[in-house]
Peer 1: 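Mind looking over this structure? Questions follow.
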2 protein chains.
Amino acid sequence: MSPNYLRSLLSTPTENGEAERDPLFVQSIARAMEVLSIFHQVDRPLSLQEIASMTGLGRSNVQRIVFTLRSLGYITRDPDDRGYVPGLRLLDHSLDFLRLNPVVVKATPILLELRRAVRERVDLSIWDDLRLVYASRLQSKREILTSTFLGYSVPVFCVSGGWAILSQLDEDEVSDIIERSHRAPLTPLTITDPDLLKDKIRETRENGYALALEQILPGEIAIGAAILDQAQRPVAAIHVAGSLAEWTPEEFTRQFAPLLIQAARTISRG
Amino acid sequence: MSPNYLRSLLSTPTENGEAERDPLFVQSIARAMEVLSIFHQVDRPLSLQEIASMTGLGRSNVQRIVFTLRSLGYITRDPDDRGYVPGLRLLDHSLDFLRLNPVVVKATPILLELRRAVRERVDLSIWDDLRLVYASRLQSKREILTSTFLGYSVPVFCVSGGWAILSQLDEDEVSDIIERSHRAPLTPLTITDPDLLKDKIRETRENGYALALEQILPGEIAIGAAILDQAQRPVAAIHVAGSLAEWTPEEFTRQFAPLLIQAARTISRG
DNA sequence: ACCGGAGTATCGCTATGCGATACAGTCGTA
DNA sequence: TACGACTGTATCGCATAGCGATACTCCGGT
């Protein structure tokens with residue numbers, strides 16, 4: 001979700017300085033979505049002016065876009081503070097995504113079953129280039145408030161599920177992804193060195209699952225396995241996550257790895 | 001989300017048959033969102049032609065819109081079956097909604113605490129006219145696969161949270177909502193008679209919570225309480241739901257109603 | 001009373017998105 | 001292997017639909 005991503009789609013400059021565009025591309029849709037996407041970067045309501053300056057769109061234009069999105073329910077006025085915030089109607093579309101995504105649909109019942117067996121947090125996340133997006137979370141009994149939210153995403157290079165996915169790709173792709181990732185450590189133990197990461201991925205490939213210790217949260221242990229599509233390409237991952245206060249890594253994997261692998265296999269085949 | 005809702009925004013016919021439009025309204029945005037919204041009605045991938053005929057938009061137009069939404073990640077090609085489905089990027093916007101919605105943010109930690117105390121399913125749903133949209137679900141140990149999904153919505157007239165919300169409105173509003181609701185029974189026990197519903201709501205107003213027995217799911221018992229904003233208007237509801245196989249209604253309410261009400265109060269005040 | 005900043009509205013020009021049409025693969029059937 | 005009925009893709013001219021500049025209204029702060 002780099003801010004430049006959409007920008008680059010809005011106009012593609014060529015070497016002669018001209019802006020060349022795909023004639024099939026509808027600009028105004030991209031502009032509207034760019035307005036909605038501006039909220040990715042902030043954590044408070046925004047005014048029209050702010051949206052205008054952040055998107056680089058004209059004031060009038062932003063006004064019309066916001067007016068339109070507002071009358072459709074995709075943007076709301078914040079009741080307390082003044083300003084605009086994303087609207088409830090966005091959830092409807094997420095539901096459509098979840099309902100219609102074959103992986104999510106196939107995985108959900110199996111994850112519930114897995115959850116019943118392991119009694120720890122279980123989740124499904126979908127691979128999107130450099131990140132993994134949580135599409136389904138089944139909490140454990142004691143859950144901290146961090147990111148219970150669906151749609152939350154984490155870098156693919158530093159989570160168990162990410163390693164599991166990378167372990168299904170060839171060396172070149174792995175290197176490419178690792179290079180392009182913004183490898184900021186999230187905990188003191190986060191592995192960021194490309195070579196160490198490749199070791200981890202090799203290990204994952206041999207085991208059939210990935211074991212991650214405190215990579216994104218202190219005190220957290222997680223194991224992950226990849227979900228493959230028909231063509232044996234990884235498309236998603238499932239995780240079981242627990243607390244190091246309760247588990248040794250050995251015990252954790254001994255208990256859960258077979259179940260996890262089994263679940264991942266079941267989801268993968270059609 | 002009636003199909004006519006967006007349609008009516010696209011063109012507002014006046015008495016002389018002319019189509020009069022708000023000049024601030026950007027049509028192409030509405031058309032794009034209408035394309036995305038078409039998926040609300042279906043449970044399978046769609047072809048361009050199907051989208052065109054369902055939306056009433058021209059084939060070429062739909063092609064461009066889908067092309068654009070696709071390059072932005074809001075629509076994807078279904079890997080298995082051929083056709084288009086909603087894209088992963090929609091989840092990003094839901095996350096923005098959840099992150100920036102004051103009620104959701106305030107409620108989440110309190111719901112987690114409540115969940116710890118009651119050990120049954122706890123959820124938060126947001127009021128949207130005739131429906132309640134689930135914005136947060138904390139599952140119980142044994143969860144059936146129905147609608148674990150966020151964004152799922154239920155009619156406001158037949159759930160405990162809905163009654164709790166209605167109990168905070170005046171008679172006219174309540175009547176209006178009940179009348180406009182499409183009151184199809186979801187279980188044999190669903191109350192659809194306006195007068196019986198009003199009795200229920202009156203009872204809810206006196207108790208400070210609503211008790212619903214098998215209104216949307218057989219065997220389910222749920223109690224709900226309303227969340228109010230600064231102006232004392234209901235904006236959302238929280239529920240605790242359990243199984244009638246384990247609880248008598250009396251025991252269920254005796255145990256959970258005080259906790260529920262307490263949680264609702266805490267969330268309501270700033 | 002003043003100012004800066006909110007959101008709203010108006011209006012003419014031309015860039016921009018629309019519709020009609022044509023092209024290109026892929027499946028199933030005869 | 002030819003056919004037709006589907007997919008999705010591309011082109012292009014015209015006029016409409018959306019842009020930018022400008023101006024208006026309302027509010028809270030100093």
Side-chain angles (χ1 to χ4, degrees), chain A residues 7 9-13 18-36 38 42 44-72 74-85 87 230, chain B residues 6-7 9-13 18-36 38 42 44-72 74-85 87:
Chain A
R7 185 66 45 79
L9 282 166
L10 282 175
S11 59
T12 312
E18 284 288 278
E20 193 184 1
R21 292 177 171 144
D22 191 317
L24 287 181
F25 195 77
V26 182
Q27 317 277 353
S28 56
I29 296 176
R31 284 190 277 260
M33 296 328 254
E34 201 189 359
V35 166
L36 281 178
I38 237 28
V42 302
R44 64 188 168 81
L46 294 177
S47 73
L48 287 180
Q49 322 255 27
E50 290 174 310
I51 296 173
S53 65
M54 292 181 76
T55 55
L57 300 171
R59 310 158 73 75
S60 311
N61 200 0
V62 167
Q63 184 210 339
R64 276 189 301 273
I65 293 170
V66 169
F67 174 90
T68 306
L69 290 173
R70 199 144 79 100
S71 49
L72 296 174
Y74 296 104
I75 281 183
T76 328
R77 201 126 239 290
D78 186 279
D80 316 331
D81 190 293
R82 65 194 43 153
Y84 299 102
V85 289
Q230 327 282 56
Chain B
L6 277 168
R7 186 65 47 78
L9 282 166
L10 282 174
S11 59
T12 313
E18 283 289 279
E20 194 182 2
R21 292 178 171 145
D22 191 317
L24 287 181
F25 195 78
V26 182
Q27 317 278 354
S28 55
I29 296 176
R31 284 188 277 259
M33 296 328 255
E34 202 190 358
V35 166
L36 280 178
I38 260 332
V42 302
R44 63 187 170 81
L46 293 178
S47 72
L48 287 180
Q49 321 255 26
E50 289 173 311
I51 297 173
S53 65
M54 291 181 78
T55 55
L57 300 172
R59 311 157 73 76
S60 309
N61 201 1
V62 167
Q63 184 209 340
R64 274 190 302 275
I65 292 170
V66 169
F67 174 90
T68 306
L69 291 173
R70 199 143 81 101
S71 50
L72 297 174
Y74 296 104
I75 282 184
T76 328
R77 200 126 240 291
D78 187 280
D80 316 331
D81 191 293
R82 66 197 39 158
Y84 297 102
V85 288

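Below, chain A is the first sequence line, B the second, and so on; all start at residue 1. Everything numeric here is computed off the predicted structure, so don't read it as measured data.
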Peer 1: Shortest non-hydrogen contact from B:T68 to A:L24?
Peer 2: OG1-O, 3.6 Å
Peer 1: Please say whether the positively charged group of B:R77, taken as NZ for Lys or CZ for Arg, lies over the ring of B:Y84, i.e. under 6.0 angstrom from the six-membered ring centre and within 45 degrees of the axis.
Peer 2: yes
Peer 1: Please state whether the phosphate of C:dG5, meaning OP1 or OP2, lies under 4.0 angstrom from any side-chain nitrogen or oxygen of A:Q49.
Peer 2: no
Peer 1: Measuring from the side chain of B:L24 (C-beta onward, heavy atoms only), which nucleotide among D:dT9, C:dC18, C:dA9 has the closest atom?
Peer 2: C:dA9
Peer 1: Where the side chain of A:N61 is concerned, which of D:dG20, D:dA17, D:dT9 is the nearest nucleotide?
Peer 2: D:dG20
Peer 1: Testing the basics here: between B:L69 and B:A32, what is the closest heavy-atom pair and its distance to 0.1 Å?
Peer 2: CD1-O, 4.0 Å
Peer 1: What's the shortest heavy-atom distance between B:I65 and B:R31, and which atoms?
Peer 2: CD1-CB, 4.1 Å
Peer 1: Nearest to the side chain of A:Q63, heavy atoms from C-beta on, is which of C:dG7, C:dA9, D:dG8?
Peer 2: C:dA9
Peer 1: Among C:dC18, C:dA6, D:dT9, find the nucleotide with the atom closest to the side chain of B:R31.
Peer 2: C:dC18
Peer 1: Please tell me if A:S28 has a side-chain N or O lying less than 4.0 Å from either OP1 or OP2 of D:dA17.
Peer 2: no
Peer 1: How many whole angstroms separate atom CZ of A:F67 from atom P of D:dA17?
Peer 2: 16 Å
Peer 1: Quick one: are B:F25 and A:L72 in side-chain contact, heavy atoms under 4.5 Å?
Peer 2: yes
Peer 1: Nearest-Å distance, CD (A:E50) to P (C:dA6)?
Peer 2: 7 Å
Peer 1: Taking five pairs at each end, how big is the angle between the two axes of the helix from C:dA1-D:dT30 to C:dC23-D:dG8, to 10°?
Peer 2: 50°
Peer 1: Minimum heavy-atom separation for B:S28 and A:I29, please, with both atom names.
Peer 2: O-CG1, 4.0 Å
Peer 1: Please state how far atom CG in B:D78 lies from atom P in D:dT7, giving the value in whole angstrom units.
Peer 2: 15 Å
Peer 1: Under the salt bridge (charged side-chain N to carboxylate O under 4.0 Å, His left out) rule, collect the residues that match up with B:R44, sequence neighbours excluded.
Peer 2: B:E50
Peer 1: What's the closest nucleotide to the A:Q27 side chain, out of C:dC18, C:dG17, C:dG7?
Peer 2: C:dG17
Peer 1: Under 3.5 Å, is there an N or O donor on one side and an acceptor on the other linking the side chain of B:S60 and the base of C:dA20?
Peer 2: yes
Peer 1: Nearest nucleotide by nearest heavy atom, which residue falls closer to the 5' end of DNA chain D, A:R59 or B:S47?
Peer 2: B:S47
Peer 1: In this structure, how many angstroms lie between the P atom of D:dA10 and the CG atom of B:L48, rounded?
Peer 2: 12 Å
Peer 1: What is the separation between atom CZ on A:F25 and atom P on D:dT11, rounded to the nearest whole Å?
Peer 2: 17 Å
Peer 1: Considering only side-chain heavy atoms of A:R64, which listed nucleotide, C:dA6, D:dG20, C:dG17, is closest?
Peer 2: D:dG20
Peer 1: Could you give the CD1-to-P distance, from B:I29 to C:dG17, as a whole number of Å?
Peer 2: 10 Å
Peer 1: May I have the distance from A:I65 (atom CD1) to D:dG18 (atom P), rounded to whole angstrom?
Peer 2: 11 Å
Peer 1: Distance check needed: C:dG5 C1' versus A:I51 CD1, whole Å only.
Peer 2: 15 Å
Peer 1: The side chain of A:R77 lies closest to which of these nucleotides: D:dG8, C:dG7, D:dC19?
Peer 2: C:dG7
Peer 1: Is the phosphate of D:dT9, meaning OP1 or OP2, less than 4.0 Å from a side-chain N or O of B:R70?
Peer 2: yes
Peer 1: Indicate yes or no: at least one non-hydrogen side-chain atom of B:S60 is less than 4.5 angstrom from one of B:R64.
Peer 2: yes
